[in-house]
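Some notes on the structure that comes next.
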Amino acid sequence: MPAVKLTLPEVAALVKVLPVVIEIDREESVEIGAAEQQILNKLLKVFPEIREPSIVEREIELATEEAEELVGVLWRALLYLNDDLRIEEEEVVKDHLLRWSLLGKIMSHISRLQNVPSQTELASFREKIEKAEEGLHAKRETDFG
Amino acid sequence: MPSVKLTLAEANVAVKELLGCIEAETVESESSAKRVLLAERLIKKFLEAFPEVIEIPSFIEEDLYRVRPWIEDAKRFME
């Protein structure tokens, strides 16, 4: 089997990029995503000091009106999906959880927002999100024993 | 200006939602035109903060091309 010697910084660079590629590939082709996932797993096994294939976190500055627009967009997307929450589909649940996490971050960082969902609306939606998370965990346990 | 820390996955979701929002909007009033332009501004900001989203051949460039007519309509409306 051909071997390529890699340094730790090279591996770190790959580990940073591969999850991004996998995410994009999911839109196009499961096979390519799977091959990259295999490479990623191999790299993490050989270099255990790099723990998680961490997805890069960055700071983004939002003006209040931009934050409000984004909260509105995300909230409408959540309400729309509310009627179509098929917890058996992992991708749907993951997208849903990401929207929820983004909404929460914006609302907790920017307190002066107007036109945000009410506490009652948020609480009722939180229950649905928790059910989706439970469904996702249960599915993973069934799939992976 | 308040800032929010985001993961790449969250930024991807935001950009996708904003693109969908532009497409769904009918530019018939000043407020709808403003919404389209604000969404476009946000997308640009996200793409600046996460350049890897556009470095990799992806849906983003095609989608931006698709929503361009809505953005142009909004700009004309606001002039």
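Being a predicted model, the structure only gives us computed values, none of them experimental. The analysis underlying the following values was restricted to heavy atoms, covering all of them including side chains, and did not include hydrogens, waters or symmetry mates. Here is how names work: the chains are called A, B, and so on, in the same order as the sequence lines, proteins then strands, and each is numbered from 1.
Taking V73(A), L62(A), T64(A), L102(A) one by one and counting their heavy-atom pairs under 4.5 Å with chain B, the maximum is reached by L62(A).
Applying the side chain to side chain contact (heavy atoms under 4.5 Å, CB included) test to S3(B) and every residue at least two apart in sequence or in another chain returns E59(A), E61(A). Listed by chain and residue number, S118(A) satisfy the side chain to side chain contact (heavy atoms under 4.5 Å, CB included) test with T120(A) (two or more places apart in sequence, or in another chain). A search for ring pair (Phe, Tyr, Trp, His ring centres under 6.0 Å) contacts involving W70(B) returns nothing, not counting sequence neighbours.
For the pair K45(B) and A63(A), the tightest heavy-atom approach, listed with the atom from each and the gap, is NZ-N, 4.2 Å. Nearest heavy-atom pair across C21(B) and R76(A) is SG-NH2, 4.2 Å. In terms of heavy atoms, L6(B) sits closest to K105(A) at CA-NZ, 4.1 Å.
The interface of residues 29-38 of chain B with chain A, defined by heavy-atom distances below 4.5 Å, comprises R35(B), L38(B).
Under a cut-off of 6.0 angstrom, the local environment of CZ in R66(B) is crowded, with over 12 non-hydrogen atoms contributed by other residues, nucleotides or ligands.
Note that CG of L98(A) and NZ of K16(B) are 9.0 Å apart. Values are rounded to the nearest 0.5 Å. A distance of 11.0 Å separates CD of E10(B) from CD1 of I60(A), quoted to the nearest 0.5 Å.
Salt bridge absent: R41(B) and E69(A) never bring a charged side-chain N and a carboxylate O closer than 4.0 Å.
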